[in-house]
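Below: one structure, written as structure tokens.
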Amino acid sequence: MAFDLDGTLLFNGTIAPGALRAIRDWRSAGNLAVLATGKSIHATRQALEGIDIFFDDFVLYTGAVVTDSDFRVRHSSTISHEVLSGVVELLGGCDEQINVYATTLDTPDALILDRISTRTTGILVNPRRMDPSEIPEHTFIGVPIWIPDNEDLITRVQRSIAAEFPGVDCHRNQDFLDIVPGGATKGSGLQRLLDSMDGVSGGVETFTIGDSWNDLDMHRWADVSASFTYSPREVRAETTMVVDTAEEFIARVL
């Protein structure tokens with residue numbers, strides 16, 4: 001079973017005791033639990049710090065990176081410096097409430113364009129500041145863009161990214177857009193993980209649970225999928241079940 005994190009398991013910086021018990025029950029029954037999130041390695045470690053939970057594997061950066069349970073990288077793909085610089089130039093030229101972040105494999109998440117200085121997001125916590133001149137010094141996996149409370153702007157930016165940078169994918173997750181290497185989705189990351197499991201990939205039953213648009217690819221990949229009563233209508237329409245909580249889904253399929 002693949003679990004999204006923010007808005008699925010993690011709320012206000014913690015995971016409910018019922019969800020933690022349900023995941024332990026799932027694994028105790030001999031099943032695998034995988035975390036599939038748009039977060040980076042650093043942000044995922046940070047989010048799970050102090051929480052008593054174990055995942056057998058991780059699909060991170062919306063499928064661009066696959067790791068084992070100790071965050072040892074099994075697969076990764078990258079975004080070019082030219083794309084990141086181009087995104088900063090494109091969005092830096094408009095007078096809108098937009099923050100642009102940059103994620104790497106081995107450093108804390110960076111804030112590279114700051115236009116929302118009066119607010120903070122719980123999705124990317126305490127990012128370090130990065131000047132655009134530092135871009136050539138790092139290897140990047142993803143480019144999260146935060147656009148709060150502006151559906152029209154999110155749509156326009158997503159269309160602009162698709163038009164200007166056809167070699168990458170841009171996934172929607174509530175009020176974030178995540179730019180990732182072309183072909184990277186949670187579904188493709190999970191399939192890559194499954195293919196890497198010697199003697200396991202045949203006949204495996206797959207389950208997914210996630211709340212937002214960037215979970216759609218993994219829901220389409222799964223045999224059984226679940227979204228939430230609070231998920232967007234388009235997401236609810238494409239899942240096998242609609243539930244109130246992750247623990248409800250686990251209880252229904254165990």
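Everything quoted here is computed from the prediction, not taken from an experiment. We number each residue from 1, following the sequence as shown.
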Quick one: side chain to side chain donor-acceptor pair (under 3.5 Å) partners of [X], sequence neighbours excluded?
X    : value
S28  : none
D6   : K39
H171 : none

Legend entry - Members sharing L216's hydrophobic cluster (side chains within less than 4.5 Å):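 Direct or chained contacts put L216 with W213, V235.
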
Legend entry - Side-chain cluster (under 4.5 Å, hydrophobic types only) that L111 belongs to, other residues: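 Once heavy-atom contacts under 4.5 Å are chained together, L111 belongs with Y101, I116, I123, L124, W146, F176.
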
Inset, instruction - Flag yes if more than 12 heavy atoms outside E134 fall under 6.0 Å of its CD atom; otherwise flag no. - result: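 More than 12 within 6.0 Å, yes.
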
Legend entry - Neighbour count >12 (heavy atoms, 6.0 Å) for atom CZ, R192: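 Not buried by this count: 12 neighbours or fewer within 6.0 Å.
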
Inset, instruction - Taking atom types as modelled, find out whether D211 and Q174 have a side-chain donor-acceptor pair closer than 3.5 angstrom. - result: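 Yes, side-chain donor-acceptor contact under 3.5 Å.
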
Inset, instruction - Check whether the side chains of H219 and T208 place a donor and an acceptor atom closer than 3.5 Å, and report yes or no. - result: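 Yes - a donor-acceptor pair under 3.5 Å links their side chains.
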
Can you find a pair of side-chain heavy atoms, one from [X] and one from [Y], that are under 4.5 Å apart?
X    : Y    : answer
V59  : L35  : no
L60  : T37  : yes
I161 : L177 : no
R21  : P17  : yes
C94  : I98  : yes
V83  : V143 : no
L48  : I15  : yes
D4   : N173 : no

For a quick test of reading the model, state the closest non-hydrogen atom pair linking [X] to [Y] and the distance between them.
X    : Y    : answer
Q97  : P148 : O-CD, 4.0 Å
I141 : S77  : CD1-O, 3.3 Å
A246 : L9   : CB-CD2, 3.8 Å

Inset, instruction - For residues 148-159, pull every pair meeting side-chain hydrogen bond (donor to acceptor under 3.5 Å, both in side chains), keeping only residues two or more places apart or in separate chains. - result: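 Applying side-chain hydrogen bond (donor to acceptor under 3.5 Å, both in side chains) to every pair that reaches into residues 148-159, excluding sequence neighbours, yields R119-D149, E151-R172, D152-R156.
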
Inset, instruction - With sequence neighbours excluded, give me every side-chain hydrogen bond (donor to acceptor under 3.5 Å, both in side chains) pair touching residues 232-246. - result: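 Matches after skipping sequence neighbours: R220-E238, S225-T240, S227-T239, T229-D244.
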
Rounded to the nearest 0.5 Å, what separation is found between the [atom1] atom of [X] and the [atom2] atom of [Y]?
X    : Y    : atom1 : atom2 : answer
I135 : L84  : CD1   : CG    : 4.0 Å
E248 : I209 : CD    : CD1   : 8.5 Å
I179 : I79  : CD1   : CD1   : 6.5 Å
I147 : N99  : CD1   : CG    : 10.0 Å
L153 : D175 : CG    : CG    : 11.5 Å
T62  : D217 : OG1   : CG    : 10.0 Å

Legend entry - Residues in side chain to side chain contact (heavy atoms under 4.5 Å, CB included) contact with V73, at least two apart in sequence or another chain: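 With sequence neighbours excluded, V73 shows a side chain to side chain contact (heavy atoms under 4.5 Å, CB included) to I41, V65, T67, S76, L105, given in chain and number order.
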
Inset, instruction - Using side chain to side chain contact (heavy atoms under 4.5 Å, CB included) as the criterion, list what pairs up with D223, not counting sequence neighbours. - result: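 For D223 the side chain to side chain contact (heavy atoms under 4.5 Å, CB included) partners, ignoring immediate neighbours, are E205, T206.
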
Legend entry - Contacts of F228 that satisfy ring pair (Phe, Tyr, Trp, His ring centres under 6.0 Å) - sequence neighbours left out: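 F228: ring pair (Phe, Tyr, Trp, His ring centres under 6.0 Å) contacts with Y230.
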
Would you say [X]'s side chain and [Y]'s backbone share a donor-acceptor pair under 3.5 angstrom?
X    : Y    : result
K186 : A36  : yes
S188 : T185 : yes
S231 : S212 : no

Legend entry - Derivation and outcome, side-chain hydrogen bond (donor to acceptor under 3.5 Å, both in side chains), residues D109 and S40: CA-CA 8 Å; D109 300 331; S40 67; 2.7 Å; yes

Inset, instruction - For I250 and F3, run side-chain contact (heavy atoms from CB on, under 4.5 Å): C-alpha distance rounded to whole Å, both residues' side-chain angles, the deciding distance at 0.1 Å, then the answer. - result: CA-CA 11 Å; I250 292 173; F3 299 83; 3.8 Å; yes

Inset, instruction - Begin from the C-alpha positions of T139 and T104 and carry the test side-chain contact (heavy atoms from CB on, under 4.5 Å) through to its verdict. - result: CA-CA 6 Å; T139 300; T104 74; 6.0 Å; no

Inset, instruction - For side-chain contact (heavy atoms from CB on, under 4.5 Å), just list the numbers for D52 and R24, CA-CA rounded to whole Å, side-chain angles, deciding distance to a tenth of an Å, and then say yes or no. - result: CA-CA 10 Å; D52 183 18; R24 285 195 289 270; 3.9 Å; yes

Legend entry - Test side-chain contact (heavy atoms from CB on, under 4.5 Å) applied to R115 and E96, step by step: CA-CA 7 Å; R115 293 287 179 76; E96 301 279 7; 5.8 Å; no

hydrophobic_cluster_shared for [Y] and [X], side chain cutoff 4.5 Å:
X    : Y    : result
L32  : F249 : no
W221 : V253 : no
F140 : F71  : no

Legend entry - Cationic N near anionic O, under 4.0 Å, R45 to E49: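 Judged by the 4.0 Å cut-off on N to carboxylate O distance, R45 and E49 do not form a salt bridge.
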
Inset, instruction - Hey, could you give me each pair passing salt bridge (charged side-chain N to carboxylate O under 4.0 Å, His left out) that has a residue in residues 53-70? Not counting sequence neighbours. - result: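 As it turns out, the salt bridge (charged side-chain N to carboxylate O under 4.0 Å, His left out) pairs with a partner in residues 53-70, which skip direct neighbours, are R27-D56, D57-R74, D68-R72, D70-R72.
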
Legend entry - Sequence neighbours excluded, every pair satisfying ring-ring contact (aromatic ring centres under 6.0 Å, His included) that has a member inside residues 10-57: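 Every pair satisfying ring-ring contact (aromatic ring centres under 6.0 Å, His included) with a residue in residues 10-57: W26-F207, F55-F58.
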
